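What follows is one structure encoded as C-alpha cells, with my remarks underneath.
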Amino acid sequence: MTNHASSFPLTVIEWLREHAPYSYGLLYIHNDEDPKDHDGFVVYRLAKNVITKVEDRLLYPVIGMVE
C-alpha cells in the first residue's frame, strides 16, 4: 500500500465479510500518521462474519520489535 493512510484494506475485509461469509482472518494495519496508534499495529479480526478491532499483542511496539 502507499505510505499514506487509506481505507482500502478495510474495504477489502468488509467485501470478504459480505461475499464470503465463512471467511476468517486477521488484518494488520500500521499507520505512523495516526496520533493514537502511531507506534503499533491496529488489528482487525474477521470471524463468524463479524469484523472486530482487537489489541495487537505480538508486534507492539513497532520500534524495536519490527524495525
Side-chain angles (χ1 to χ4, degrees):
M1 301 300 303
T2 63
N3 63 348
H4 296 289
S6 169
S7 63
F8 178 71
L10 289 177
T11 304
V12 172
I13 200 169
E14 288 170 356
W15 185 90
L16 279 171
R17 182 184 58 79
E18 292 174 15
H19 293 87
Y22 297 104
S23 296
Y24 59 92
L26 298 171
L27 172 64
Y28 281 74
I29 298 176
H30 177 249
N31 179 3
D32 63 349
E33 296 174 352
D34 186 345
K36 182 181 176 207
D37 294 316
H38 69 279
D39 60 345
F41 283 87
V42 176
V43 184
Y44 293 93
R45 176 179 61 193
L46 173 60
K48 297 184 180 179
N49 210 31
V50 175
I51 299 170
T52 53
K53 185 176 176 180
V54 296
E55 180 181 336
D56 173 26
R57 298 179 184 181
L58 300 174
L59 299 175
Y60 178 82
V62 172
I63 304 301
M65 182 65 72
V66 175
E67 296 178 351

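Since the structure is predicted, the reported quantities are computational estimates derived from the model, not experimental observations.
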If you count the non-hydrogen atoms of other residues, nucleotides and ligands that lie under 6.0 Å from CZ in Arg45, is the total more than 12?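 No - once you tally the heavy atoms of other residues, nucleotides and ligands closer than 6.0 Å, there are 12 at most.
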State the OG1-CG distance between Thr11 and Leu16, to the nearest 0.5 angstrom.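 With rounding to 0.5 Å, OG1 (Thr11) is 11.0 Å from CG (Leu16).
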Roughly how far apart are Glu14 CD and Tyr44 OH, rounded to 0.5 Å?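 Rounded to the nearest 0.5 Å, the CD-OH separation comes out at 9.5 Å.
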Parallel, tilted or perpendicular, as decided by the 30° and 60° cut-offs, for the rings of Tyr28 and Phe41: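 Answer is perpendicular, since the angle exceeds 60°.
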Same apolar cluster: Trp15 and Leu27, side chain cutoff 4.5 Å: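 Yes.
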Do Leu46 and Val50 share a hydrophobic cluster (ILVMFWY, side-chain heavy atoms under 4.5 Å, transitive)?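 In one cluster with Leu46: Val50, no.
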Would you indicate whether the side-chain heavy atoms of Ile13 and Ile51 approach each other to under 4.5 Å?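 They are in side-chain contact.
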Test item: Val42 and Lys53 side chains (from C-beta on) under 4.5 Å apart, heavy atoms: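 Side chain of Val42 against side chain of Lys53, heavy atoms only: contact under 4.5 Å found.
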